Chemist: 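This is the structure I have questions about; it appears just below.
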There are 2 protein chains.
Amino acid sequence: MSNDHKHDHRHDLSTLTRNQAFVFETLQNAKAPMSAYTILDELRDDGFRAPLQVYRALDKLVEMGLVHRLESLNAFVACDHPEGDPHGAIAFAICEDCGQVDEFADDEIVARLGNWAKTKKFRLDKTIIELRGTCETCANA
Amino acid sequence: MSNDHKHDHRHDLSTLTRNQAFVFETLQNAKAPMSAYTILDELRDDGFRAPLQVYRALDKLVEMGLVHRLESLNAFVACDHPEGDPHGAIAFAICEDCGQVDEFADDEIVARLGNWAKTKKFRLDKTIIELRGTCETCANA
DNA sequence: GCCAATATGTAATAATATAACATTTTGAGA
DNA sequence: TCTCAAAATGTTATATTATTACATATTGGC
């Protein structure tokens with residue numbers, strides 16, 4: 001059985017620490033995924049000086065489910081889901097052109113992967129689904 | 001429509017260049033995914049001296065469909081499929097413990113993702129599905 | 001207030017990946 | 001076979017992403 005549900009959005013934003021809040025806000029304002037180092041550069045003026053400050057905040061935010069890491073980009077996005085709406089595995093569609101990310105869930109896919117895991121007795125911790133391509137807008141441009 | 005089928009196993013192994021053959025053989029003999037730098041270290045004795053020699057061979061091998069890149073590991077594995085058996089998107093189940101990778105296909109999942117893309121008019125170039133967890137053997141150990 | 005857990009600051013370094021440029025090899029067609 | 005363009009290779013330097021190690025500060029339950 002998957003435990004992707006482990007990290008719900010139980011976390012009140014007011015419980016974020018100073019650094020976590022800065023990083024989260026930066027990601028929320030971003031139009032596309034950001035690398036840790038890009039975030040760092042944006043936060044120099046707010047007293048950030050080292051990568052670890054960003055990585056540590058990101059670790060927590062991902063753990064809380066407020067931020068997602070895009071493995072195929074080595075970058076991060078703020079979660080798109082309505083506050084407090086917990087979810088299982090999510091798929092990301094990433095436009096190579098404009099960088100925009102569309103986040104969606106498909107229960108049937110999650111179920112099929114869970115089933116495969118069950119059959120193989122594979123203990124599933126984390127599911128990564130990323131689609132790379134071109135969004136409608138960029139395809140028409 | 002996905003064009004994940006673009007890179008079939010049309011490529012005769014005899015068409016591999018010297019460097020490609022070395023890298024491919026190294027991956028085929030490996031029990032777990034290898035990073036580019038680990039491959040480089042294994043091939044020092046065969047005249048490899050720089051990362052680019054490995055990355056360039058990997059690029060071609062991935063293009064040919066003989067090797068897969070695991071995005072969540074920044075590592076590479078030799079394709080597991082019988083020679084000449086073309087395939088669409090593949091899922092990888094990666095054991096965090098022993099590193100072994102189980103490669104599988106699920107047409108229904110591919111279809112659903114393709115459908116999502118069609119609906120959103122997203123031009124799908126590449127599908128990444130990676131399951132992180134613990135394999136049966138390691139779970140019992 | 002005490003103290004343990006958590007968060008932060010900072011420097012150094014490790015791990016992964018690409019840019020830029022020179023040279024060599026390969027293979028299709030004249 | 002010769003030619004020449006495409007592909008592959010060699011090499012140095014550098015960019016990008018991520019972690020280790022250690023010191024200090026803050027927070028919150030008791």
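Atom set for the values below is all heavy atoms of this structure, side chains included, hydrogens, waters and symmetry mates excluded. Predicted model only: the values in this text are computed from it and were never measured. Chain identifiers are assigned alphabetically (A, B, ...) following the order of the sequence lines, protein sequences preceding nucleic acid strands; residue numbering begins at 1 within each chain.
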Chemist: Are B:Asn74 and A:Asn74 side-chain neighbours, meaning at least one heavy-atom pair lies under 4.5 Å?
Modeler: yes

Chemist: Check this one for me: any side-chain N or O of A:Gln53 less than 4.0 Å away from OP1 or OP2 of C:dG9?
Modeler: yes

Chemist: Report yes or no: do A:Ser72 and A:Glu130 form a side-chain donor-acceptor pair below 3.5 Å?
Modeler: yes

Chemist: Separation of B:Phe22 atom CZ from D:dG10 atom C1', in whole Å?
Modeler: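 Atom CZ in B:Phe22 sits about 15 Å away from atom C1' in D:dG10.
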
Chemist: Specify the separation, in whole Å, of atom CG of A:Asp41 and atom P of D:dA15.
Modeler: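 Rounded to the whole Å, the gap is 14 Å.
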
Chemist: Base, sugar-phosphate, or nothing: which does B:Arg56 touch, judged by heavy atoms less than 4.0 Å apart?
Modeler: base

Chemist: Just the rounded figure in Å: distance from C1' of C:dT16 to CG of B:Leu70.
Modeler: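 After rounding, the reported distance stands at 15 Å.
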
Chemist: A:Glu63 has an atom CD; how far is it from atom C1' of C:dA7, in whole Å?
Modeler: 13 Å

Chemist: Give the nucleotide from the list D:dA8, D:dT20, D:dA18 with an atom nearest to the side chain of A:Arg69.
Modeler: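 When the side chain of A:Arg69 is considered, D:dA18 is the closest of D:dA8, D:dT20, D:dA18.
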
Chemist: It should be established whether B:Thr17 places a side-chain nitrogen or oxygen under 4.0 Å from OP1 or OP2 of nucleotide D:dA7.
Modeler: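 Result: no.
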
Chemist: Between B:Asn74 and B:Asn19, name the one whose nearest nucleotide on DNA chain D is closer to the 5' end.
Modeler: B:Asn19

Chemist: Are any side-chain N or O atoms of B:Gln53 and backbone N or O atoms of B:Ala50, one a donor and one an acceptor, separated by less than 3.5 Å?
Modeler: yes

Chemist: At what distance, to the nearest 0.5 angstrom, does CG of B:Leu66 lie from CZ of B:Phe24?
Modeler: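 Output value for this atom pair is 4.5 Å.
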
Chemist: Taking for each residue the nucleotide of DNA chain C bearing the nearest heavy atom, is the 5' side occupied by A:Arg49 or by B:Tyr55?
Modeler: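 First, find each residue's nearest nucleotide; the 5'-ward one identifies A:Arg49.
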
Chemist: Mind calculating the distance between CD (A:Gln20) and P (D:dT26) to the nearest angstrom?
Modeler: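 Atom-to-atom, A:Gln20 to D:dT26, this comes out as 16 Å.
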
Chemist: Nearest 0.5 Å please: distance from the NE2 atom of A:His68 over to the CD1 atom of A:Ile128.
Modeler: 12.5 Å

Chemist: Using a 4.0 Å heavy-atom cut-off, does B:Arg18 contact any base of the nucleic acid, only the sugar-phosphate backbone, or nothing at all?
Modeler: sugar-phosphate

Chemist: To the nearest Å, how far apart are B:Glu71 CD and C:dT16 P?
Modeler: 14 Å

Chemist: Under 4.0 Å, counting only non-hydrogen atoms across every strand here, what does A:Ala50 touch: a base, just sugar-phosphate, or nothing?
Modeler: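 It contacts base atoms.
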
Chemist: Specify the separation, in whole Å, of atom CD1 of A:Ile39 and atom C1' of D:dT17.
Modeler: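 These atoms are roughly 12 Å apart.
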
Chemist: Side chain of B:Tyr37, base of C:dA14: donor and acceptor closer than 3.5 Å?
Modeler: no

Chemist: In whole angstroms, how far is the P atom of D:dT16 from the CE atom of A:Met34?
Modeler: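 Distance, rounded to whole Å: 14 Å.
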
